[in-house]
K.L.:
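This is the structure, below, for whatever I ask next.
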2 protein chains.
Amino acid sequence: MRIGELAAQTGMTRDTIRFYEKVGLIAGRRLANGYRDFPPEAVAWLQYVRAAQTLGFSLAEIARTGEELRGVPDASEALSALFEEKIKLVDARMSELAALRTELAERVGTGCPLRAVVPDGNGGGNPTGRPSPKALGPVN
Amino acid sequence: MRIGELAAQTGMTRDTIRFYEKVGLIAGRRLANGYRDFPPEAVAWLQYVRAAQTLGFSLAEIARTGEELRGVPDASEALSALFEEKIKLVDARMSELAALRTELAERVGTGCPLRAVVPDGNGGGNPTGRPSPKALGPVN
DNA sequence: CTAAACAGTGGAGTACGGTCCAAGGTCAAG
DNA sequence: CTTGACCTTGGACCGTACTCCACTGTTTAG
């Protein structure tokens with residue numbers, strides 16, 4: 001598969017794929033004429049890359065995952081370990097999100113004065129006359 | 001509060017705070033000598049910024065949130081609406097993560113050939129002799 | 001009064017993740 | 001044999017989020 005088709009099938013641009021090759025995310029073999037040639041699995045791999053990326057993994061991290069999978073005698077075990085690691089990361093991210101969600105949910109309807117916390121040039125007073133119940137609390 | 005103290009209390013550098021002011025994330029009033037002067041609430045605000053940021057919100061998004069909170073006659077309702085919106089975003093992110101988690105968990109112990117999908121210059125063959133059960137499946 | 005600590009500005013540089021462009025090579029159809 | 005689609009490379013450029021630097025002004029402690 002040449003770069004154009006891979007681009008079409010993944011929704012990425014040719015430039016993006018060339019960039020990914022440059023940073024080691026994907027390795028193209030070459031045809032006799034110098035054109036890149038990708039196996040069909042490259043489509044799935046790039047979709048995985050996109051998925052991982054939108055979940056907050058950097059290209060370097062994703063590439064490292066790929067790297068670690070190569071050069072391992074039996075990939076099966078290594079894969080399981082790697083996936084378990086990723087799951088831990090995902091779980092950690094999820095609980096961070098859950099914490100923020102709780103934070104946010106608590107503030108709904110309480111009239112918490114985030115406003116007092118957004119400097120707005122009006123002098124930082126309390127123009128509403130309402131009391132200021134502590135402003136946002138511990139976020140960390 | 002001057003910039004140095006704010007920096008110390010938030011763990012940010014002065015440069016970062018100046019940068020945040022430049023992009024409208026925080027607005028400093030000025031003392032007679034030109035020094036920035038921040039209200040104590042700025043600490044909580046910057047902590048909130050960090051929290052939101054590590055959860056994947058861009059500075060522009062965070063700034064917009066702040067913007068929207070200003071110029072609203074009664075901030076309390078606007079705040080609740082905004083928080084509910086953020087909660088939806090957080091929920092969406094969490095379910096994406098949950099989906100990836102499932103994906104990953106399913107692959108643990110299955111020996112799924114992600115390797116076949118990471119071009120490695122050895123020709124793309126199947127050096128292990130094991131069959132290739134479809135490589136990664138639908139990620140989207 | 002001087003030195004250090006703190007503040008200000010503008011501008012350059014960095015890392016990441018692309019995106020665009022110019023100049024040219026390859027290939028199939030007409 | 002030309003046209004057009006497709007491919008190559010290298011390098012410039014963009015937005016985001018800082019980070020560092022040089023140079024200058026202000027405040028504070030000895």
Side-chain angles (χ1 to χ4, degrees), chain A residues 1-40 42-43 45-67 89 93 119 121 139, chain B residues 1-40 42-43 45-67 89 93 119 121 139:
Chain A
M1 184 189 296
R2 287 176 306 173
I3 198 170
E5 196 188 339
L6 183 55
Q9 288 195 26
T10 56
M12 294 172 181
T13 66
R14 291 175 179 87
D15 274 338
T16 298
I17 294 171
R18 290 192 195 106
F19 172 73
Y20 283 179
E21 191 189 44
K22 200 166 67 185
V23 299
L25 255 180
I26 189 167
R29 287 186 309 276
R30 297 306 180 105
L31 299 170
N33 59 14
Y35 288 12
R36 285 172 186 82
D37 184 33
F38 299 99
V43 176
W45 171 245
L46 289 185
Q47 283 168 345
Y48 168 78
V49 169
R50 265 286 175 271
Q53 196 188 10
T54 63
L55 291 167
F57 299 103
S58 71
L59 295 186
E61 282 174 308
I62 301 168
R64 231 172 290 134
T65 304
E67 287 289 305
L89 269 168
R93 260 180 231 278
V139 175
Chain B
M1 183 189 295
R2 285 175 309 172
I3 197 168
E5 197 188 339
L6 183 55
Q9 288 194 25
T10 57
M12 293 172 181
T13 66
R14 294 177 179 86
D15 274 338
T16 297
I17 295 171
R18 291 191 196 107
F19 172 74
Y20 282 180
E21 191 190 45
K22 201 166 65 184
V23 300
L25 255 179
I26 189 167
R29 286 186 310 274
R30 297 306 181 104
L31 299 170
N33 59 13
Y35 287 14
R36 286 170 185 84
D37 184 35
F38 299 98
V43 176
W45 169 246
L46 289 185
Q47 284 168 344
Y48 167 78
V49 169
R50 265 285 174 273
Q53 198 188 6
T54 62
L55 290 167
F57 300 102
S58 71
L59 295 187
E61 282 174 308
I62 300 167
R64 232 173 290 137
T65 303
E67 286 290 305
L89 269 168
R93 258 181 232 277
V139 175

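Chain letters run A, B, ... following the sequence lines, proteins first, then strands; residues in each count from 1. As a basis for the values below, the full set of heavy atoms in this structure was taken, side chains included, without hydrogen atoms, waters or symmetry mates.
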K.L.:
Extract from the structure each pairing of a protein N or O with an N or O of nucleotides 23-25 of chain D at less than 3.5 Å, listing the distance.
P.N.:
{"residue": "dG25(D)", "atom": "N2", "partner": "Tyr35(B)", "partner atom": "OH", "Å": "2.9"}

K.L.:
What are the two closest non-hydrogen atoms of Gly24(A) and Ala63(A), and how far apart are they?
P.N.:
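Closest heavy-atom pair between Gly24(A) and Ala63(A): O-CB, 4.3 Å.
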K.L.:
Checking Glu21(B) now: which residues fulfil salt bridge (Lys or Arg N to Asp or Glu O under 4.0 Å) with it, not counting sequence neighbours?
P.N.:
Arg30(B), Arg36(B)
K.L.:
Has Asp37(A) got a side-chain atom pairing as donor or acceptor with Arg2(A)'s backbone, closer than 3.5 angstrom?
P.N.:
no
K.L.:
For Arg18(A), check salt bridge (Lys or Arg N to Asp or Glu O under 4.0 Å) against everything at least two apart and list the hits.
P.N.:
Asp15(A)
K.L.:
Kindly give the heavy-atom pair with the smallest separation between Met1(B) and Val43(B), and that separation in Å.
P.N.:
CE-CG2, 3.9 Å
K.L.:
What are the two closest non-hydrogen atoms of Thr13(B) and Ala7(B), and how far apart are they?
P.N.:
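Scanning both residues, the minimum pair turns out to be C-CB, 4.1 Å.
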K.L.:
Starting at the 5' end of DNA chain C and moving along, which residue's nearest nucleotide shows up first, Asn33(A) or Ile3(B)?
P.N.:
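It is Ile3(B) whose nearest nucleotide is closer to the 5' end.
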K.L.:
Round to the nearest Å and state the distance from Phe38(A) atom CZ to dC6(D) atom C1'.
P.N.:
14 Å
K.L.:
Restricting to side-chain contact (heavy atoms from CB on, under 4.5 Å), what partner residues turn up for Tyr20(A), sequence neighbours left out?
P.N.:
Met12(A), Thr16(A), Leu25(A), Ile26(A), Leu46(A), Val49(A), Arg50(A), Gln53(A), Leu59(A)
K.L.:
Reading DNA chain C 5' to 3', which nucleotide is the first, and which the last, to come under 4.0 Å of any heavy atom in chain A?
P.N.:
dG17(C) to dC27(C)
K.L.:
Going 5' to 3' along nucleotides 9-19 of chain D, which nucleotides have protein heavy atoms under 4.0 Å from the base (write B), which only from the sugar-phosphate (write S), and which from neither (write -)?
P.N.:
B-------BBB
